[in-house]
Amino acid sequence: QVQLVESGGGLVQPGGSLRLSCAASGSIWGINAMGWYRQAPGKRRELVASVANGGSTNSADSVKGRFTISRDNAKNTVYLQMNSLKPEDTAVYYCNARTLVAVTITRDYWGQGLQVTVSS
């Protein structure tokens, strides 16, 4: 019911910045929260940052103070501003939208993935 289109990503030097965007369409009124996950080589997919409908945000300890998640409700778009990038931030980044499909059941929708490479 939800389609996610991601943009941004690429190659950046350590200490540089990137901005990822994710636009949602479809049954957007069912979305409870949106966020960004990443999967680095040899590691499981992990939450980077998320924002709930009420505006509250959380983020992984490894990115706090460097990454900022924000949303534009009018545009149904979530952003991830990534500053002070480190080589360990290299990963495929996936936009996520979580919907409530039943009282105790949620369903996740995913973007296609964006490669972020931090290297000198």
Side-chain angles (χ1 to χ4, degrees):
Q1 296 185 56
V2 177
Q3 295 79 46
L4 302 174
V5 179
E6 303 168 327
S7 61
L11 175 65
V12 66
Q13 292 185 337
S17 298
L18 285 173
R19 183 174 185 251
L20 308 183
S21 300
C22 176
S25 62
S27 301
I28 56 177
W29 34 262
I31 298 175
N32 298 137
M34 295 184 67
W36 291 91
Y37 288 69
R38 68 184 181 187
Q39 187 167 21
K43 296 184 178 181
R44 294 195 293 180
R45 188 175 298 187
E46 64 175 356
L47 174 69
V48 178
S50 65
V51 56
N53 285 357
S56 61
T57 62
N58 60 21
S59 60
D61 290 341
S62 60
V63 306
K64 287 182 177 177
R66 301 187 297 119
F67 293 8
T68 302
I69 190 168
S70 61
R71 79 287 184 196
D72 186 335
N73 290 330
K75 297 181 179 179
N76 304 124
T77 300
V78 65
Y79 306 93
L80 185 67
Q81 179 66 47
M82 305 186 293
N83 298 325
S84 302
L85 283 161
K86 304 175 181 179
E88 50 263 44
D89 295 319
T90 296
V92 177
Y93 285 70
Y94 297 90
C95 181
N96 167 266
R98 176 159 291 180
T99 63
L100 182 67
V101 297
V103 176
T104 59
I105 301 175
T106 59
R107 175 170 291 174
D108 288 325
Y109 296 86
W110 299 93
Q112 77 278 11
L114 293 171
Q115 178 66 52
V116 172
T117 302
V118 184
S119 176
S120 60

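Treat the numbers as computed from the prediction; the structure is a model and nothing was measured.
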Please check this pair: side chain of [X] against backbone of [Y], looking for a donor-acceptor N/O pair closer than 3.5 Å.
{"X": "Asn32", "Y": "Asn53", "result": "no"}
{"X": "Ser21", "Y": "Ser7", "result": "no"}
{"X": "Thr57", "Y": "Val51", "result": "no"}

If you round to the nearest 0.5 Å, how far is [atom2] of [Y] from [atom1] of [X]?
{"X": "Asn76", "Y": "Trp29", "atom1": "CG", "atom2": "CH2", "value": "13.0 Å"}
{"X": "Gln1", "Y": "Ser25", "atom1": "CD", "atom2": "OG", "value": "12.0 Å"}
{"X": "Tyr94", "Y": "Leu114", "atom1": "OH", "atom2": "CG", "value": "9.5 Å"}
{"X": "Thr117", "Y": "Leu85", "atom1": "OG1", "atom2": "CG", "value": "10.5 Å"}
{"X": "Leu20", "Y": "Gln81", "atom1": "CG", "atom2": "CD", "value": "9.0 Å"}
{"X": "Arg44", "Y": "Gln39", "atom1": "CZ", "atom2": "CD", "value": "10.0 Å"}

| When the ring planes of Trp110 and Tyr37 are compared, do they come out parallel, tilted or perpendicular, using 30° and 60° as the limits? | perpendicular
Closest heavy-atom pair and its distance - [X], [Y]:
{"X": "Met34", "Y": "Cys22", "answer": "CE-SG, 4.1 Å"}
{"X": "Asn96", "Y": "Arg98", "answer": "OD1-N, 3.9 Å"}
{"X": "Ala24", "Y": "Val2", "answer": "CB-CG1, 4.5 Å"}
{"X": "Ser50", "Y": "Leu47", "answer": "CB-CD1, 4.1 Å"}
{"X": "Ala33", "Y": "Ala52", "answer": "CB-CA, 3.9 Å"}
{"X": "Arg38", "Y": "Ala91", "answer": "CB-CB, 3.8 Å"}

Practice task
Check the surroundings of atom CZ in Arg107: do more than 12 heavy atoms from other residues, nucleotides or ligands lie under 6.0 Å from it?
Solution key: no
Check: Would a hydrophobic clustering, with Ile, Leu, Val, Met, Phe, Trp and Tyr connected at side-chain separations under 4.5 Å, put Leu4 with Ile28?
Finding: yes
- prompt: Same cluster for Tyr79 and Val12 if Ile/Leu/Val/Met/Phe/Trp/Tyr side chains link at under 4.5 Å?
  reply: no
Only residue of Leu18, Leu80, Asn83 satisfying side chain to side chain contact (heavy atoms under 4.5 Å, CB included) with Phe67 is Leu80
(message) When you compare the side chain of Ile69 with that of Ser59, does any pair of heavy atoms fall below 4.5 Å?
(response) no
Test side chain to side chain contact (heavy atoms under 4.5 Å, CB included) on Gln115 and Thr90; report intermediate values, then the result.
CA-CA 8 Å; Gln115 178 66 52; Thr90 296; 4.0 Å; yes
Residues passing the ring-ring contact (aromatic ring centres under 6.0 Å, His included) test with Tyr109, sequence neighbours excluded, are none
Taken in chain and number order and not counting sequence neighbours, the residues that satisfy salt bridge (Lys or Arg N to Asp or Glu O under 4.0 Å) with Arg66 are Asp89
